[in-house]
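Worksheet for the structure shown next.
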Amino acid sequence: MPCHNQQLNNVSSGQEHPMKQVRFANNNSSNVPAVLPNSETSDASILSDSQDNLGPQLKLLPLNDQIRELQTIIRDKTTSRGDFVFCADRLIRLVVEEGLNQLPYSECTVTTPTGYKYEGVKFERGNCGVSIMRSGEAMEQGLRDCCRSIRIGKILIQSDEETQKAKVYYAKFPPDVYRRKVLLMYPILSTGNTVIEAVRVLIEHGVQPRHIILLSLFSTPHGAKSIIQEFPDITILTTEVHPVAPTHFGQRYFGTD
């Protein structure tokens with residue numbers, strides 16, 4: 001079921017724009033399950049408990065058989081790499097399209113070839129993408145396919161061998177990133193630690209958490225909860241919340257498994 005309209009602030013003008021409709025992750029309606037029907041009972045209870053504490057910051061794409069099939073193929077260990085990449089790219093495109101739908105648009109009037117005046121909308125400037133290397137780079141092409149001229153920054157975060165804590169090794173953003181809405185790209189949210197460090201870096205560069213939309217394909221309840229507890233104003237958009245995430249995604253996509 002669609003969620004109630006939420007408000008996103010326009011970075012450049014200060015005007016408010018309605019958040020587009022997607023389903024809340026804590027929607028308990030039986031016709032839009034967030035996990036597959038054959039999930040373990042314990043998994044479902046963990047998911048339900050986590051959803052109750054997450055609120056509207058976590059949003060799920062409207063579930064349909066097409067998305068369910070793509071999720072199934074990506075999780076299947078017998079899937080060939082060619083099929084894996086093909087289905088991953090399709091799922092990425094769906095997430096990116098919905099992420100763009102959360103950004104502000106303004107009304108405009110254009111003239112058709114027949115001279116007819118058409119009342120439409122146009123995409124507002126002041127947006128950019130940021131991918132968390134390396135798996136986040138898998139989502140860059142999907143974003144460029146939808147927005148040819150969008151600026152894309154990068155963050156490299158790895159776990160320290162001694163402390164096992166996430167450490168930032170590289171960050172490159174558009175110089176005016178603090179004025180933009182940011183589509184942060186990271187396919188798999190497992191613990192959430194990497195994303196938390198990435199958001200901290202963006203905040204250090206002047207980006208406000210409410211202007212960050214995290215695009216992911218799969219998330220665990222723990223990962224999403226950790227991010228939202230740390231940054232209550234951030235928006236997370238994903239296709240599925242499940243206790244077991246396909247953490248093999250990056251290796252399979254880039255052929256390093």
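Bear in mind that the values here come from a model prediction, so they are computed numbers and not experimental data.
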For the residue pair Y116 and Y118, does the interplanar ring angle fall in the parallel (under 30°), tilted (30 to 60°) or perpendicular (over 60°) class?
tilted
Going by atom types alone, do Q102 and T235 pair a side-chain donor with an acceptor below 3.5 Å?
no
Supply the atom-to-atom distance L215 CG to S131 OG, rounded to the nearest 0.5 angstrom.
11.5 Å
Does anything in residues 228-238 form a salt bridge (Lys or Arg N to Asp or Glu O under 4.0 Å)? List the pairs, not counting sequence neighbours.
R200-E230
Working for side chain to side chain contact (heavy atoms under 4.5 Å, CB included), residues F86 and I73
CA-CA 10 Å; F86 178 80; I73 294 173; over 6 Å; no
Under the side-chain contact (heavy atoms from CB on, under 4.5 Å) test, which residues partner S149, sequence neighbours left out?
none
Going by the rule salt bridge (Lys or Arg N to Asp or Glu O under 4.0 Å), which residues pair with D176 if we only count those two or more places apart in sequence or in a different chain?
R180
Begin from the C-alpha positions of V168 and L156 and carry the test side chain to side chain contact (heavy atoms under 4.5 Å, CB included) through to its verdict.
CA-CA 6 Å; V168 179; L156 174 60; over 6 Å; no
The reported gap from CZ in R68 to CG in L63 (rounded to nearest 0.5 angstrom) is 5.5 Å
Please check this pair: side chain of R252 against backbone of T79, looking for a donor-acceptor N/O pair closer than 3.5 Å.
yes
Closest heavy-atom pair, T220 versus A245, reported as atoms and distance to 0.1 Å, is CG2-CB, 3.7 Å
Can you tell if the side chain of Q71 reaches within under 4.5 Å of the side chain of H242, non-hydrogen atoms only?
no
Rounded to the nearest 0.5 Å, what's the gap from CD on Q251 to OG1 on T256? Could you check?
5.0 Å
Answer yes if V85 and V95 sit in the same cluster of Ile, Leu, Val, Met, Phe, Trp and Tyr residues linked by side chain heavy atoms under 4.5 Å apart, and no otherwise.
yes
Any side-chain to backbone donor/acceptor pair from Q57 onto P232? Under 3.5 Å, distance only.
yes
Who passes side-chain contact (heavy atoms from CB on, under 4.5 Å) against K122, sequence neighbours left out?
S106, C108
Using the test side-chain contact (heavy atoms from CB on, under 4.5 Å), find all partners of Q141 that sit at least two apart in sequence or belong to another chain.
R144, D145
Sequence neighbours left out, what passes side-chain hydrogen bond (donor to acceptor under 3.5 Å, both in side chains) with R90? Give chain and number order.
Q66
What side-chain donor-acceptor pairs closer than 3.5 Å can you find for residues 183-191, not counting sequence neighbours?
{"residue": "T191", "atom": "OG1", "partner": "N193", "partner atom": "N", "Å": "3.3"}
{"residue": "T191", "atom": "OG1", "partner": "N193", "partner atom": "ND2", "Å": "3.4"}

Y178/F173 aromatic ring centres below 6.0 Å
no
With T111 via side-chain contact (heavy atoms from CB on, under 4.5 Å) - residues at least two apart:
K117
For the pair L94 and T239, evaluate side chain to side chain contact (heavy atoms under 4.5 Å, CB included) and give the outcome as yes or no after the intermediate values.
CA-CA 9 Å; L94 293 173; T239 73; over 6 Å; no
How far apart are the closest heavy atoms of E240 and L60, and which atoms are they?
N-CD2, 4.1 Å
Could you give the distance from CE (M139) to CG (L91), rounded to the nearest 0.5 Å?
8.5 Å
N64, CG: over 12 other non-hydrogen atoms inside 6.0 angstrom
yes
When hydrophobic residues are tied together by side-chain contacts of less than 4.5 Å, even through go-betweens, does Y169 share a cluster with V201?
no
Atom of I67, atom of P62 and distance for their closest heavy-atom approach:
CD1-O, 3.4 Å
Minimum heavy-atom distance between K172 and Y170, given as atom pair plus value:
CB-OH, 3.2 Å
Which residues satisfy the side-chain hydrogen bond (donor to acceptor under 3.5 Å, both in side chains) test with E204, sequence neighbours excluded?
none
Please find the pair of heavy atoms, one from A166 and one from I157, that lie closest to each other, and give the distance.
CB-CG2, 3.7 Å
Check: R151 side chain, G129 main-chain N or O, donor-acceptor pair, under 3.5 Å:
no
Run the salt bridge (Lys or Arg N to Asp or Glu O under 4.0 Å) test against E137 and tell me which residues pass, sequence neighbours left out.
K154
Mind checking salt bridge (Lys or Arg N to Asp or Glu O under 4.0 Å) for E97 and listing every partner two or more places apart, or none if nothing turns up?
R93
I203 and F231: side chain to side chain contact (heavy atoms under 4.5 Å, CB included), yes or no, with the steps?
CA-CA 11 Å; I203 292 174; F231 308 107; 3.5 Å; yes
Relative to the ring of Y253, is the ring of F84 parallel (under 30°), tilted (30 to 60°) or perpendicular (over 60°)?
perpendicular
T238 to S219 - nearest heavy-atom pair and separation
OG1-N, 4.0 Å
Out of curiosity, C87 SG to L217 CG, how far, rounded to the nearest 0.5 Å?
12.0 Å
One should read off an interatomic distance between I234 CD1 and R210 CZ, to the nearest 0.5 angstrom, of 13.0 Å
Are F249 and M133 linked, directly or through intermediate hydrophobic residues, by side-chain heavy-atom contacts shorter than 4.5 Å (ILVMFWY only)?
no
Report the residues that fulfil side-chain hydrogen bond (donor to acceptor under 3.5 Å, both in side chains) with T114, sequence neighbours left out, ordered by chain and then residue number.
T112
